[in-house]
Participant: 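Encoded as structure tokens, here's the structure I'll be asking about.
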Amino acid sequence: MAHTVQDHQMAQPQAAVLSLPPSGQAKRWTVWDSLLCGALAGAVAKTVIAPLDRTKIIFQVSSQRFSAKEAFRLLYCTYMKDGFLSLWRGNSATMVRVIPYAAIQFCSHDQYKRILGGYYGFQGKALTPFPRFLAGSLAGTTAAMLTYPLDMVRARMAVTPRQMYSNIMHVFVRITQEEGIKTLYRGFCPTILGVIPYSGITFFTYETLKKLHAERTRRSQPYSYERLAFGACAGLIGQSASYPLDVVRRRMQTAGVTGQQYGSVLNTMKAIVVQEGVVRGLYKGLSMNWIKGPIAVGVSFTTFDLMHNFLHKMHQLGYFTH
């Protein structure tokens, strides 16, 4: 969740909070700078892995058995039938969602850490494990609640032919007219249920690894490749823990175009298990997440670092003032 969630997976929204500037830059560096870097990093990372993400969604919403061979065959067939750019179908909706998602998650995570730090008496210090997990969960939940319709639209565009929906606004209009405005929030419950463990575990794991690293190396900031390792580990653990709910979310989001009828979260999960089994149904496409996850994290960290250095140099040269 991928998100998206895929997606809820997301967006890699956490990239914006992974590297804070040294204290000497505090007067020059603002939240807006971090938001810009994080939003761009998430957008670039999502664009790079978009073909794999789209393939994962297609398998998630179908009863077809997943395998690496079938996944790459689908990519090849899509390319041959509809052209190279068709592999990125639905990515515009992803971009519209990723940018605000990253911004909201960063801002809310920062605020929740401050509130929880004050409540538990850790103001200005590293939070203890439970508040650390809670801050991540609340941040992910806040971002998901405010951007969910865009995730719904992105899922629809990913699994439908080009002729059905021409652009993002067309998806919104057709869903509202033909299925009702409530459909834009179909699958919302499994999304939130998935975001809570995913965001909580991801932020908790990353910050815990970063804290342990600082204690052992006496370095306040890890190197880029160390951030990559910490982020990849956090993402893999978070994805694995929340993945079944991501599958349920995608099934409910795309029910209107796949001909399936799903009711509640439990009924959807039960139907998937009965028809396809636990591993082949609820964990369909997880191995692809394990492939694209580290790629997305690597790209997002690289983009974030490059933008961070660029903006810092611009501040030093006096191009930006706050």
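As a basis for the values below, the full set of heavy atoms in this structure was taken, side chains included, without hydrogen atoms, waters or symmetry mates.
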Participant: Would one find more than 12 heavy atoms of other residues, nucleotides or ligands at under 6.0 Å from atom CD1 of Ile181?
Facilitator: no
Participant: Return the orientation label for the Phe188 and Tyr185 ring planes: parallel under 30°, perpendicular over 60°, tilted otherwise.
Facilitator: perpendicular
Participant: Heavy-atom distance under 4.5 Å between the side chains of Leu36 and Trp32, does that happen here?
Facilitator: no
Participant: Other than Leu146, which residues form its hydrophobic cluster under the rule that side-chain heavy atoms must be closer than 4.5 Å?
Facilitator: Ile104
Participant: Of the non-hydrogen atoms in Gly140 and Val195, which two are nearest, and what is the gap between them?
Facilitator: C-CG1, 3.2 Å
Participant: Hey, could you give me the CG/CG distance between Asp53 and Leu87, rounded to the nearest 0.5 Å?
Facilitator: 12.5 Å
Participant: Arg174 and Glu179: salt bridge (Lys or Arg N to Asp or Glu O under 4.0 Å), yes or no, with the steps?
Facilitator: CA-CA 8 Å; Arg174 281 198 60 177; Glu179 303 175 51; over 6 Å; no
Participant: If the plane angle is over 60° it's perpendicular, under 30° parallel, otherwise tilted; pick one for Phe230 and His213.
Facilitator: perpendicular
Participant: Taking all non-hydrogen atoms of both residues, which atom of Ser242 and which atom of Tyr198 are closest, and how far apart?
Facilitator: OG-CB, 3.4 Å
Participant: For the atom pair OH (Tyr206) and CZ (Arg132), what is the distance rounded to the nearest 0.5 Å?
Facilitator: 13.0 Å
Participant: Closer than 3.5 angstrom, by distance alone: can the side chain of Tyr148 be matched with the main-chain N or O of Leu184 as a donor-acceptor pair?
Facilitator: no
Participant: Do Tyr283 side-chain atoms and Val247 backbone N/O form a donor-acceptor pair below 3.5 Å?
Facilitator: no
Participant: Would you say the side-chain atoms of Trp88 pair up with the backbone N or O of Ala50, donor to acceptor, closer than 3.5 Å?
Facilitator: no
Participant: What are the two closest heavy atoms between Met252 and Pro190, and how far apart are they?
Facilitator: SD-CG, 3.8 Å
Participant: Side chains of Ser86 and Tyr79: closer than 4.5 Å at any heavy-atom pair?
Facilitator: no
Participant: Any side-chain heavy atom of Lys113 within less than 4.5 Å of one from Glu207?
Facilitator: yes
Participant: When you look at Glu215 and Lys210, which way does the salt bridge (Lys or Arg N to Asp or Glu O under 4.0 Å) test go after all the steps?
Facilitator: CA-CA 9 Å; Glu215 293 173 350; Lys210 189 176 177 181; over 6 Å; no
Participant: Quick check: do Leu317 and Met314 have side-chain heavy atoms less than 4.5 Å from each other?
Facilitator: yes
Participant: From Arg251 CZ over to Ile272 CD1, what is the distance, rounded to the nearest 0.5 angstrom?
Facilitator: 4.5 Å
Participant: Just how far is it from atom CZ of Arg186 to atom CD1 of Ile175, taken to the nearest 0.5 Å?
Facilitator: 8.5 Å
Participant: Do side-chain atoms of Thr208 reach the backbone of Thr205 as a donor and acceptor pair under 3.5 angstrom?
Facilitator: no
Participant: Which heavy atom in Leu127 sits nearest to a heavy atom in Gly117, and how many Å separate them?
Facilitator: CD2-CA, 3.5 Å
Participant: For Pro51 and Leu75, work out which heavy atoms get closest and say how close.
Facilitator: O-CD2, 3.6 Å
Participant: What's the separation between atom CD1 in Ile115 and atom CG in Leu138, rounded to the nearest 0.5 Å?
Facilitator: 9.0 Å
Participant: How long is the gap from CD1 on Ile201 to CZ on Phe133, to the nearest 0.5 Å?
Facilitator: 5.5 Å
Participant: Would a 4.5 Å heavy-atom cut-off, applied to side chains only, mark Leu134 and Tyr112 as touching?
Facilitator: no
Participant: Using the rule side-chain contact (heavy atoms from CB on, under 4.5 Å), only one of Ile196, Ile192, Thr142 pairs with Ser137; which is it?
Facilitator: Ile196
Participant: For Arg219, look at atom CZ and say whether over 12 heavy atoms of other residues, nucleotides or ligands are found less than 6.0 Å away.
Facilitator: yes
Participant: Do Glu276 side-chain atoms and Val273 backbone N/O form a donor-acceptor pair below 3.5 Å?
Facilitator: no
Participant: Would Arg156 and Thr183 satisfy side-chain contact (heavy atoms from CB on, under 4.5 Å), going step by step from the backbone distance to the final call?
Facilitator: CA-CA 11 Å; Arg156 283 294 182 92; Thr183 304; 3.8 Å; yes
Participant: Please report the shortest heavy-atom distance between Ser240 and Trp290, naming the atom on each side.
Facilitator: OG-NE1, 3.2 Å
